[in-house]
Amino acid sequence: MKVRQHFFNKKPVMASQRYDASEVEARWQREWETRNLFATQPAAGDPRPNYYVLEMFPYPSGRIHIGHVRNYTMGDVLARFKRATGHNVLHPMGWDAFGLPAENAAMQNKVHPKEWTYANIDAMRAQLKSMGFSLDWDREFATCDAEYYGHQQRLFLDFLDADLIYRKKAKVNWDPVDMTVLANEQVIEGRGWRSGAQVEQRELTQWFAKISDFSAELLEAIDGLERWPDKVRTMQANWIGKSVGARIRFAIDGEAIGLIDEIECFSTRPDTLFGATFMALAADHSLSLALAENDANLAAFNEECRRMGTSVVAIETAEKKGFDTGVRVRHPFIEDKTLPVYVANFILMDYGTGAIFGCPGHDQRDWDFAVAHDLEIIPVIEPAEADAKPVTEEAYLGDGAMINSGFMDGLKKADAIEAAISHLEAADLGGSPQATREINYRLRDWGISRQRYWGCPIPVVHCEACGVVPEARDKLPVLLPDDIDVENPGNPLGRHPTWRNVECPQCGKPALRETDTMDTFVDSSWYFARFASPRAPTPTVAEEVNAWLPVDQYIGGIEHAILHLLYSRFFARAMKITGHLDVKEPFAGLFTQGMVVHETYQAADGTWLEPSQVQVSEKDGKRTAAQRDDGSEVRIGNTEKMSKSKRNTVDPDKIIAAYGADTIRWFMLSDSPPERDVIWTDAGVEGAHRFVQRVWRLVNDIAGLGDGAEAADAGAAQVTTTAHRTLDNVGTMIADLRFNSAVAQIYSLVNAIEKAPRESAHDRTALRAATAMLVQMFAPMMPHLAEECWRALGHNGLVCEVPWPAVDQSLLAVSEIVLPVQINGKRRAEISVATDLAKEEIIAAVLKLAVVENALAGKDPRRIIVVPERIVNIVV
RNA sequence: GCGGGCAUGGCGGAAUUGGUAGACGCAAGGGACUUAAAAUCCCUCGGCCGUAAGGCUGUCCGGGUUCGAGUCCCGGUGCCCGCACCA
């Protein structure tokens, strides 16, 4: 049994000939910085093709975590590779710096949010620099910089003018303790995530962005996002949620209620109309409200519906409750038939029209409601599935021919829907057709108001005389005040003594400044455009932003699949309309990388332990037991996402200090495909570091072979061919973001160089050339080691400035190839043939093989398949 | 419930898209060097049979298509993710 010690417990071994990462890396980082190598040239006037690679910018929480390291390493490999292949590369970095944590920290630690945020940015910038990323730091900005959010206010006003932003009353989650609105994601089981207080539904006037106007376009354009993962495209399509159907009007039987004499429903299944047995309204439907005015019981019921929680649990366990209003509507197809109208707790006011017709036979939810209220269930579809249960037991949701449906009897679903709509379109109700075709989307407008201090102020003023007045554009930015009271809950802007009181920009009379700030998702919806000209006096500069956008490769976590990426797509369209941009899609290529996960450890008393507190025992490669430093038993838990609560995090700084940035970069790229989770193990990191040392030894070895007189070329050495073949593969693999495969290729080349003959001058010349190519190939991945090796090989310049080597195509062609020979599909032999050998000759050669002759036993083969350069198969 | 994805040695994963399954790495075992260790180097490493040559078997399970299936089709199992009273 062997006890593996955690690397922090080990004394570092430091032999003099070993590669000293900390010294080397700091030196090359200084060199790159001195030469300002990664500053991007303006797109205008640069003859090279542009390439924009962007990783999702971080929230400045205070520390870089290992997930950032993985994300930015991938982007950096691509950026360095594209630079080497002749592109003008934009690879910027900034900070998504507004948001709640800064305010919470301010309350807890009595630090100003601004101070806290900028201190964090300084710390994290230093960490990123120690990773050796080829970022253009001249373009850095934070979204909380007055300059940035001032331009954002300008965009806001332009959007307002273009009717892309508006104000409306809306229901919001209100936390009565923290005195703020909470996003749906911040409400857990009906309680505020921070205060734990029961969240109330409040009606407040809020700012909204008209993203729903773009539903159809945002959905259709998904088809064009060919370099996006299918998963994200599907998620966005589902989120936008298109439903095709009809809006159908039902006449109220008898007297009108006030001005209301009909009810409109949206339905995707008008084919089931003959099975309709009731109608249900949302509590906030205009008819529900009108009827409640004279009915205290209904008013109480409506109130109960409104209070119903938004949590998943509340929805799953809720009964189908209803209140019979006594009102009845006439069935559109059946003379003299009327349907009872209920108010029901499962009808949503903000989808469709807030009213449905219920067909219990073929909708499970309607079925539940019908059973609860003793309503008729009429089957109108004859089940095509043999094992279908009768509609007395559950709703039938499958396909089949229509029954009990008058003119639709016998039709299939699609034809029946068409027939029903045509019928209703032709029918007249009060002077217009009884139904119109309609498409509904699930996507709602985006509420961007937040009752928070640490965000971008919404640049408008409320004047008693003039109403809502935009701030004058030459007064922008509307700055956040620095002198605030952060010690009390609620919005410090709302109780600021002077900041609120302003003159109306229009009439000059005293007015009040808007105290809402913008959702931080607004900040991240256009930062990628600002990077194209981050110091410009306008939000964007046409010739730069249109040259750089769309981002060629965007890299980030799947958790942003919907919100951030959808908002950004909307913003690009809004910016196009307002003249700030001339592309529609912000991100041409999207890559969602996996997480970094780590084993968890739990002590006997249930507390989670850090990896450094635990020793794991292994037997025959299996992890058998773990012990704490004091010898007590430790339970090995699941391997999961690194998190503070499970204490399974690894601090990048410590790894860099112990092994260097190149080691952690190499480890992040090895083994796991980039879209999948990577399991952090000490052994894996040590393996990566061994490779760094091995490459350094090899390069010095080759450099020490001496020049060797240039031998008369006796044909390419094997190692030259291998190097070019590897180069060809590595190039395509990096371009396809298949980093783990590129890493494997590089390992193989190192193996080949180590084993290659070194006897002749010709050998040595070939080896030196192959080794130089090797260094260039791993330069995007381990840039510091590459520079040091490049120098050791006798080159003067920097490897990161040397163009990517060209593949010698003539070396890729092989003259002879080993073909596997199958008999009846099983591999029985192999044969070495010239690549250009004719099929007949290959067959002739194969038939002479002893195994083949034995198998045939004098008979003719039934069939011979020859796939050139692949395989031969003899069917006996 | 709806939608999407994944399943290959002890482990992470390769496999040019239907053509030699297990590249490359990790772990493990054996050996060399060393007073000893570390580092390094060499060998073995899916399973079964065999001294060996070699044979059989093998990519979650059951069928199918094909000269040939990890890859395509049908059915199933198990995990993971997203959305969800959406009419």
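Below, chain A is the first sequence line, B the second, and so on; all start at residue 1. As a basis for the values below, the full set of heavy atoms in this structure was taken, side chains included, without hydrogen atoms, waters or symmetry mates.
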K.L.:
Determine, step by step, whether A:Trp666 and A:Phe778 satisfy the ring-ring contact (aromatic ring centres under 6.0 Å, His included) criterion, reporting the C-alpha distance in whole Å, the side-chain angles of both residues, the deciding distance to 0.1 Å, and the verdict.
P.N.:
CA-CA 9 Å; A:Trp666 188 252; A:Phe778 70 69; 7.1 Å; no
K.L.:
Is it the case that A:Thr600 and A:Asn648 place a side-chain donor and acceptor less than 3.5 Å from each other?
P.N.:
no
K.L.:
Check whether any side-chain N or O of A:Arg690 sits under 4.0 Å from OP1 or OP2 of B:A27, and answer yes or no.
P.N.:
yes
K.L.:
Could you check whether A:Val875 gets within reach of a base, just the sugar-phosphate, or nothing at all, counting any heavy atom under 4.0 Å?
P.N.:
sugar-phosphate
K.L.:
Between B:G68 and A:Arg828, is there an OP1 or OP2 to side-chain N/O distance shorter than 4.0 Å?
P.N.:
no
K.L.:
Could you state the atom-to-atom distance from CD of A:Gln822 to P of B:G18 in whole Å?
P.N.:
16 Å
K.L.:
Could you please name the option among B:G4, B:C67, B:A87 that lies closest to any side-chain atom of A:Thr234?
P.N.:
B:G4
K.L.:
Check the distance between B:C85's C1' and A:Lys321's NZ and give it to me in whole angstrom.
P.N.:
14 Å
K.L.:
Please find out if less than 6.0 Å separates the ring center of A:Phe591 from that of A:Trp228.
P.N.:
no
K.L.:
Mind checking whether A:Phe301 and A:Phe323 have parallel, tilted or perpendicular rings, split at 30° and 60°?
P.N.:
tilted
K.L.:
Take the protein atom CD of A:Glu830 and the nucleotide atom P of B:U20, then report the distance between them rounded to whole Å.
P.N.:
12 Å
K.L.:
How far, in whole Å, is B:C42 from B:G25 if one measures between their P atoms?
P.N.:
11 Å
K.L.:
For B:C41 and B:C26, measure between their P atoms and round to the nearest Å.
P.N.:
10 Å
K.L.:
Kindly say if A:Lys826 contacts the phosphate of B:C67, meaning a side-chain N or O under 4.0 Å from OP1 or OP2.
P.N.:
no
K.L.:
Taking the side chain of A:Pro820 as heavy atoms from C-beta outward, which of B:G19, B:U20, B:G12 is closest to it?
P.N.:
B:U20
K.L.:
Taking the side chain of A:Arg697 as heavy atoms from C-beta outward, which of B:C24, B:U40, B:C85 is closest to it?
P.N.:
B:U40
K.L.:
Any donor and acceptor pair, going by atom type alone, linking the side chain of A:Asp671 with main-chain N or O of A:Asn740 inside 3.5 Å?
P.N.:
no
K.L.:
What is the distance from CH2 of A:Trp239 to P of B:C86, rounded to the nearest Å?
P.N.:
15 Å
K.L.:
Classify A:Arg725 by what it touches in the nucleic acid, base, sugar-phosphate, or nothing, heavy-atom distance under 4.0 Å.
P.N.:
nothing
K.L.:
Counting Watson-Crick and G-U wobble pairs only, both distances under 3.5 Å, name the nucleotide matched with B:A27, or none.
P.N.:
none
K.L.:
Let's see if you can work this out: which of B:C24, B:A87, B:C41 has an atom nearest to the side-chain heavy atoms of A:Arg694?
P.N.:
B:C41
K.L.:
What's A:Arg738 touching, base or sugar-phosphate or nothing? Going by heavy atoms closer than 4.0 Å.
P.N.:
sugar-phosphate
K.L.:
Given B:A87, B:C81, B:U16, identify the nucleotide with an atom nearest to the side chain of A:Ile347.
P.N.:
B:A87
K.L.:
Is the gap between the ring centers of A:Tyr342 and A:Phe369 under 6.0 Å?
P.N.:
yes
K.L.:
Reckon A:Asn729 has a side-chain N or O less than 4.0 Å from the OP1 or OP2 of B:A23?
P.N.:
no
K.L.:
Can you confirm whether A:Gln693 sits close enough to A:Leu698 that some side-chain heavy atom of one is under 4.5 Å from a side-chain heavy atom of the other?
P.N.:
no
K.L.:
Using a heavy-atom cut-off of under 4.0 Å over every strand shown, decide if A:Asn740 touches base, sugar-phosphate, or nothing.
P.N.:
sugar-phosphate
K.L.:
Side-chain N or O of A:Ser243 versus OP1/OP2 of B:A87: is the shortest distance under 4.0 Å?
P.N.:
yes
K.L.:
Over how many whole Å does the gap from A:Asp350 atom CG to B:A84 atom C1' extend?
P.N.:
14 Å
K.L.:
Between B:G82 atom P and A:His560 atom NE2, what is the distance in whole Å?
P.N.:
14 Å
K.L.:
Would you confirm whether the ring centroid of A:Phe357 sits within less than 6.0 angstrom of the ring centroid of A:Phe278?
P.N.:
no
K.L.:
With a 4.0 Å cut-off on heavy atoms, is A:Arg676 in touch with a base, just the backbone sugar-phosphate, or nothing at all?
P.N.:
sugar-phosphate
K.L.:
Starting at atom CG of A:Asp671, determine the distance to atom P of B:G13, rounded to an integer number of angstrom.
P.N.:
8 Å
K.L.:
Between A:Arg569 and A:Gln236, is there a side-chain donor-acceptor contact under 3.5 Å, judged purely by atom types and distance?
P.N.:
yes
K.L.:
Looking at B:G13, B:A87, B:A39, which one has an atom nearest to any side-chain atom of A:Arg365?
P.N.:
B:A87
K.L.:
At under 4.0 Å, does any side-chain N or O of A:Tyr351 touch on OP1 or OP2 of B:A87?
P.N.:
yes
K.L.:
What does A:Leu819 touch in the nucleic acid at a heavy-atom separation under 4.0 angstrom: a base, only the sugar-phosphate, or nothing?
P.N.:
nothing
K.L.:
Between B:G64 and B:G68, how many Å separate the two P atoms, rounded to a whole number?
P.N.:
12 Å
K.L.:
Under 3.5 Å, which N/O atoms of the protein pair with N/O atoms of nucleotides 64-66 of chain B?
P.N.:
none

K.L.:
Which one, B:G3, B:A87, B:U16, comes nearest to the side chain of A:Asn238?
P.N.:
B:G3
K.L.:
Separation of A:Asn873 atom CG from B:C67 atom P, in whole Å?
P.N.:
10 Å
K.L.:
According to the interplanar angle, ranging from 0 to 90°, do the rings of A:Phe333 and A:Phe274 count as parallel (below 30°), tilted (30 to 60°) or perpendicular (above 60°)?
P.N.:
parallel
K.L.:
Using O4'-C1'-N9-C4 for purines and O4'-C1'-N1-C2 for pyrimidines, with syn meaning within 90° of 0, is B:U17 syn or anti?
P.N.:
syn
K.L.:
For the side chain of A:Lys320, counting heavy atoms from C-beta on, which of B:C83, B:C85, B:C24 is nearest?
P.N.:
B:C85
